[in-house]
Novice: 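What follows is a structure written as structure tokens; I'll ask about it next.
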Protein chains: 2
Amino acid sequence: MSTKTAAIRIEGAERSGRFVIICEHASNAMPAPWGDLGLDAAQRAAHIAWDPGALGLAWGLAEVLHAPLAHACQSRLIYDLNRPPHHPGAMPERSEIHAIPGNAGLDAQARLARTEELYLPFHAELRALIARRLARGEVPILVTVHSFTPVYFGQRRSVELGVIHDRDPGLARAVLEEAQARTGLDARLNEPYSAADGVTHTLALQATPMGLPNVMLEVRNDLIADAAAQQAMAAQLAPVLSAARARIETTTGEAA
Amino acid sequence: MSTKTAAIRIEGAERSGRFVIICEHASNAMPAPWGDLGLDAAQRAAHIAWDPGALGLAWGLAEVLHAPLAHACQSRLIYDLNRPPHHPGAMPERSEIHAIPGNAGLDAQARLARTEELYLPFHAELRALIARRLARGEVPILVTVHSFTPVYFGQRRSVELGVIHDRDPGLARAVLEEAQARTGLDARLNEPYSAADGVTHTLALQATPMGLPNVMLEVRNDLIADAAAQQAMAAQLAPVLSAARARIETTTGEAA
């Protein structure tokens, strides 16, 4: 089963796995009525517009884990679904070194329209997906999948896998330890970002109030540059997530 | 402007005040298709079915504060909108000393139907109300309005006003101090319930992820037993809320 609106596509809603995979920065599409925001083709293809490779990785994880996948259908520069409507980054006037002409001086009506057309339906559909599982007695585990650029403001980053948590660090710590044990990746907790940078909004909105285990994965985008690399990374990380899940279930005595 | 569905009624969505008043337990209506859940008239009128007096108080507060009011349209025994779908209290089999026959052994499909028809639209409409204000550059302050019974499991309660917070205690502490300074009420922090009892779900869902100031008010229901008493209590508590708002805005340096 697949649900698609302008804001969100949900694939495999009927899949029976415990994980729910989420990719808020899946797309660099800039559809009407918003258009290209005054950016050139190189800017629209760059990491400021989306998280390159993240959707392919998320697809792979969802398939191996038999999990539903919820992903965005438009660029984060039109509305960054991982930010609330009053956050300057929701419809940013600048991203890294780039001015975003189509976001300059947006008035209240323009901000409201994007909020109503993108932010609200994305999070309402995602909440419904999660709530339906809760109503049936299942407790989903939320995983948001992101990528980051190897060079940021001119600095090279050596971290390869960032494992980030919202308020409850339990799953993230287990994922970090399993990633360090099972992969050769340079994996670190709360790098290159953390909740203090406002990057866990989706988790704060969808997982924390429900008490659901959750983690945000940030993969350096040069490691998932094509479909083969994305599949290979999914094959590495799916067992990490499964082992981390088993570990928190053992700790809490929760039934699998 | 008034919006009404089976799950929620929003009144005064266009009002320009900073507060948003919420009343999840406003009604003891038990409409079709759910019906009376096997309860007699006395049980349906009692505090197990709703928070008596809370809606009248919430109306009064909304009017004085020029705030929108969002309230439920059906009994908490059909779905308690202040609980997530997997919480035993969402569709409780017992409430205090009463068995709820129509909630005994609900299967997944019945729980799912109530979640989809009541919980999801209530919180989606409320989120939209809040997000529209955020998109316009306003930062609403959320107040949930509840009442509690003077006698619980045979014990008399002397507290008259409970002031309860979710994760951020800032506004609640200011409300408590203003209530103690401005009223003769026996006001206490996190009594007769607290977040640890799971009573702040609406605040955790709607306020905390957005960083919005929030407080839950619990008034002993013998103090708001009729319309005159509800209006009088609203006239007492509205200045308490306004003064508390001014206090946190001074503290944080936030603009009014």
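Sequence lines set the chain letters: A, B, ... in the order given, protein chains first and strands last, and positions in each chain run from 1.
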Novice: Give every donor-acceptor pair between chain B and chain A closer than 3.5 Å, one pair per line, or write none.
Specialist:
residue	atom	partner	partner atom	Å
B:H86	NE2	A:M210	O	3.1
B:E116	OE2	A:R132	NE	2.7
B:R132	NE	A:E116	OE2	2.8
B:M210	O	A:H86	NE2	3.1

Novice: Please identify, among B:A124, B:A131, B:A90, the residue contributing the most non-hydrogen atom pairs under 4.5 Å to chain A.
Specialist: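 The candidate making the most pairs under 4.5 Å is B:A131.
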Novice: At their closest point, which heavy atom of B:A204 faces which heavy atom of A:P209, and how far apart are they?
Specialist: O-CG, 3.5 Å
Novice: Mind listing the closest non-hydrogen atom pair of B:L134 and A:P85 along with its distance?
Specialist: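 Between these two residues, the closest heavy atoms are CB-CB, 4.0 Å.
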Novice: Is it the side chain or the backbone of B:L120 that comes within 4.5 Å of chain A heavy atoms, both, or neither?
Specialist: side chain
